[in-house]
Amino acid sequence: MNLQVFNRLSREKEAFQPLVEGQVKMYVCGPTVYDHAHLGHAKTYVAFDVIVRYLRYAGYQVRYVQNITDVGHLLDTGEDRILKKAGALSIEPMAVVETYTRSYFDDMDALGVVRPDISPRASGHVPEQIAMTQSLIKKKHAYVTSSGDVYFDVTSFPEYGKLSGQNLDELIGGMRVEVAKGKRHSADFALWRHAEPEHLMQWDSPWGRGFPGWHIECSAMSARYLGETFDIHGGGLENRFPHNECEIAQSEALNGKPFARYWLLTGSLTVDGVKMSKSLGNFVTIKDALKTYRPEALRLFILSSHYSSPVDYSKAALEAAQSGWERLMGAVRLTRYMLQDAPDGDAAAGFEMVLDEHKTRFMTAMDDDFNAPAALGVLYDLNREVNTLLNSGEAVGRPILDAIEQAYLELGGGILGIIPAEVNETGMDSARQDGLIQILIEMRNEARAHKDFAAADNIRTRLADLGVMLEDRPDGTVYKVQ
RNA sequence: GCAGAUGUAGCGUAACGGCUAGCGCAGCGGUCUGCAAAACUGUAUGGUCAUGGGUUCGAGUCCCAUGCAUCUGCACCA
């Protein structure tokens, strides 16, 4: 275990050394829950899922916090995303939040993403955000305008821009949105906004009725659950500026100590080279993708490029991932098939060495900034070794078969989340269905024995039409369900 | 304009400065099979690693320059 991570803050690969030995405190920017999640979200959260899984596998005790943004995230027009959706559907804003929060967790569960330990909602932490804003005002890092808005004063934090490499003077030129009234510097950002009476989500504050700005929630909630300084801050690269930059400014200006020690940001999911996003309309929801592809195949597709790189979505790429997954599962299925009738004893015990070697290579890849695509390559290498062994015709003892299955479950299952533990892959092959298929296999093999290949092929074809694929092996016929 | 990223076989992607540049998908053969499927294996002298220099015993990797293409952010987004 010699984990190196690429820290976006230092722009260098660094040895990973958590603040407290053996413990990792990690915060990842979560979704704004105003619509169903799409594959872009899947990319980010699957990537961090594997990071968390690996850290835990490596023995760290991880506290993983991922927020749910349900207030304060405004559109260019100044409208709140949640309120806009609530208006469109004519329902309570909190009903919108509830609907899409559940939808989000449903999607993540379906993708096998392990839930965060804490999923705090912004609307449930308004007092914390107000308190933080008050302290920032007291320390003269923020000011109140005549209309009841509170802005962070970016000139009071000289390091502003250090994460994204932005320069205050140059920022002004590229601005697309009109500078709000009352701001001293165009780069100042809102900690608190006053609300008009008809605004549906508003709270009392020292500055009148209003609601928190978007950036403050992450600072307030990470401080509450992880402390003022914590180990890993994750999120999508597109949030580096302004969001992540503002988080750093607020927290470090207030606490006078480092905010997050390692910044791990994910590359975007693109479609034909362009980022998948709501506004461009080029998105595919996770629910839709799961109608066509297995969750493991989606994960494999996402993990086939490094978390910090972009990955381009296409039908061909997803189908390639699904084929690759089938390839891995072929060996897993074969291992499990042979385990049903495996001899005791140490036949093929030498394979233990091959397993160890590949495990080591796998870990080396993951230690190198969570290089899942490289680790996946090792898994494919191992897969070939396993296939060669299991098809060699030589006896393979139960201990080795157990060790092989264990390796798949550990690396492919536990860490990457693409190898399911159950033999049952589809939920379709109940005992009864299995029995029915076995009867057909027996009938077909009788026909084959009588060289009645027309009848035999008829059974095989018709089963294939139903998605049941037969494979004849020297030691019998096996099937898989598509 | 400013900040940053990427460019490696048909496609998708890897490679602490060090074996013949790896893996997957797709194509075409071979072995196996009654035929398939799966698997293994071979093959396309399958790769001028964007271009041109430099450092080095050694460069896809480090440095400089160039131009092309594409992408991301610039106060909207995971």
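Separation of the C1' atoms belonging to C32(B) and A37(B) is 11 Å when rounded to the nearest angstrom. With P as the reference atom, C64(B) and A21(B) are 27 Å apart, rounded to whole Å. Atom name C1', nucleotides G24(B) and A9(B): the rounded distance is 13 Å, in whole Å. Rounded to whole Å, the separation between the C1' atoms of G7(B) and C49(B) comes to 9 Å. To the nearest whole angstrom, the two C1' atoms, one in A50(B) and one in C71(B), are 16 Å apart. Nucleotides A15(B) and C23(B) are separated by 15 Å at their P atoms, to the nearest Å. Comparing the P positions of G1(B) and U66(B) gives an interatomic distance of 14 Å, to the nearest angstrom. Separation of the P atoms belonging to A65(B) and A3(B) is 14 Å when rounded to the nearest angstrom.
The distance between atom CG of D188(A) and atom C1' of A75(B), rounded to the nearest whole Å, is 11 Å. Computed from coordinates, the L300(A) CG to U13(B) P distance equals 13 Å when rounded to whole Å. At whole-Å resolution of the value, CD1 in I302(A) and P in A78(B) are 16 Å apart. Computed from coordinates, the H233(A) NE2 to A78(B) P distance equals 14 Å when rounded to whole Å. Rounded to an integer number of Å, the gap from F6(A) CZ to A15(B) C1' is 17 Å. Computed from coordinates, the N244(A) CG to A3(B) P distance equals 20 Å when rounded to whole Å. Going from atom CG of L3(A) over to atom C1' of C16(B) covers 14 Å, rounded to whole Å. A straight line from NE2 of H215(A) to P of C74(B) spans 11 Å, rounded to a whole angstrom.
Residue S304(A) is in sugar-phosphate contact alone, with no base atom involved, counting any heavy-atom pair closer than 4.0 Å across all strands shown. Nucleic acid contact class of Y45(A) (heavy atoms, under 4.0 Å, all strands): sugar-phosphate only. Counting non-hydrogen atoms under 4.0 angstrom, L269(A) reaches a base of the nucleic acid. In this structure, G161(A) reaches neither bases nor backbone, as no heavy-atom distance under 4.0 Å exists between it and the strands shown. Counting non-hydrogen atoms under 4.0 angstrom, H243(A) reaches nothing in the nucleic acid. Residue contacts for T270(A): at a heavy-atom cut-off of 4.0 Å it reaches no nucleic acid atom on any strand shown. If you check every strand for non-hydrogen atoms under 4.0 Å, A374(A) touches sugar and phosphate atoms only.
Within a heavy-atom distance below 4.0 Å of RNA chain B, no residue of residues 98-117 of chain A is found.
Look at K275(A) and you'll find a side-chain N or O under 4.0 angstrom from OP1 or OP2 of G73(B). Dashed line: the shortest gap from a side-chain N or O of S308(A) to OP1 or OP2 of A5(B) is not under 4.0 Å.
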Note to self: For Watson-Crick and G-U wobble pairs within 3.5 Å on both distances, what is RNA chain B written in dot-bracket notation, | included for inter-strand pairing?
What the structure shows: (((((((..((((....[...)))).(((((.......)))))......(((((..]....))))).)))))))....
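Between H38(A) and Y313(A), a ring centre-to-centre spacing not shorter than 6.0 Å is recorded. For H36(A) and Y100(A), the ring centers sit closer than 6.0 Å to each other. Taking the ring centroids of F230(A) and F259(A), they lie under the 6.0 Å cut-off.
Comparing M276(A) and A320(A) against RNA chain B, the residue whose closest nucleotide sits nearer the 5' end is A320(A). In terms of position along RNA chain B, the nucleotide closest to G324(A) lies nearer the 5' end than the nucleotide closest to the other residue of the pair G324(A) and S277(A).
By the 4.5 Å heavy-atom criterion applied to side chains, M221(A) and Y27(A) are counted as neighbours. Proximity of D188(A) to F152(A): side-chain heavy atoms (C-beta onward) are nowhere separated by under 4.5 Å. Residues E159(A) and I248(A) fail the side-chain proximity criterion, which asks for heavy atoms closer than 4.5 Å.
Salt bridge annotation for K84(A)-D35(A): absent, with no cationic side-chain nitrogen under 4.0 angstrom from a carboxylate oxygen. Salt-bridge annotation for K162(A) and E252(A): present, with a side-chain N of the basic residue lying under 4.0 Å from a carboxylate O of the acidic one. With respect to K13(A) and D368(A), a salt bridge is recorded, a charged nitrogen being found less than 4.0 Å from a carboxylate O. Under the 4.0 Å criterion applied to side-chain N and carboxylate O atoms, D49(A) and R53(A) are assigned as salt-bridge partners. A salt bridge does not link D465(A) to R462(A): none of the charged nitrogens lies less than 4.0 Å from a carboxylate oxygen.
A donor-acceptor contact under 3.5 Å is formed by the side chain of Y160(A) with the base of A75(B).
For R115(A) and F105(A), the positive end sits near the middle of the six-membered ring, less than 6.0 Å away and at most 45° from its axis.
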Margin query: Across nucleotides 33-43 of chain B, 5' to 3', mark each nucleotide with B, S or - according to how protein heavy atoms within less than 4.0 Å reach it.
Written below: -BBBBSSSS--
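Comparing atom distances between the D381(A) side chain and each of C23(B), A78(B), A14(B) picks out C23(B) as nearest. Listed nucleotides: C16(B), C74(B), A14(B). Nearest to the side chain of P242(A): C74(B). Side chain of S323(A), nearest nucleotide from A78(B), A75(B), C25(B): C25(B).
A pairwise comparison of heavy atoms in I400(A) and L389(A) identifies CG2-CD2, 4.4 Å as the closest pair.
Tested against H215(A) for a ring-ring contact (aromatic ring centres under 6.0 Å, His included), the candidates F241(A), F189(A), W192(A), Y151(A) yield a single pass: F189(A).
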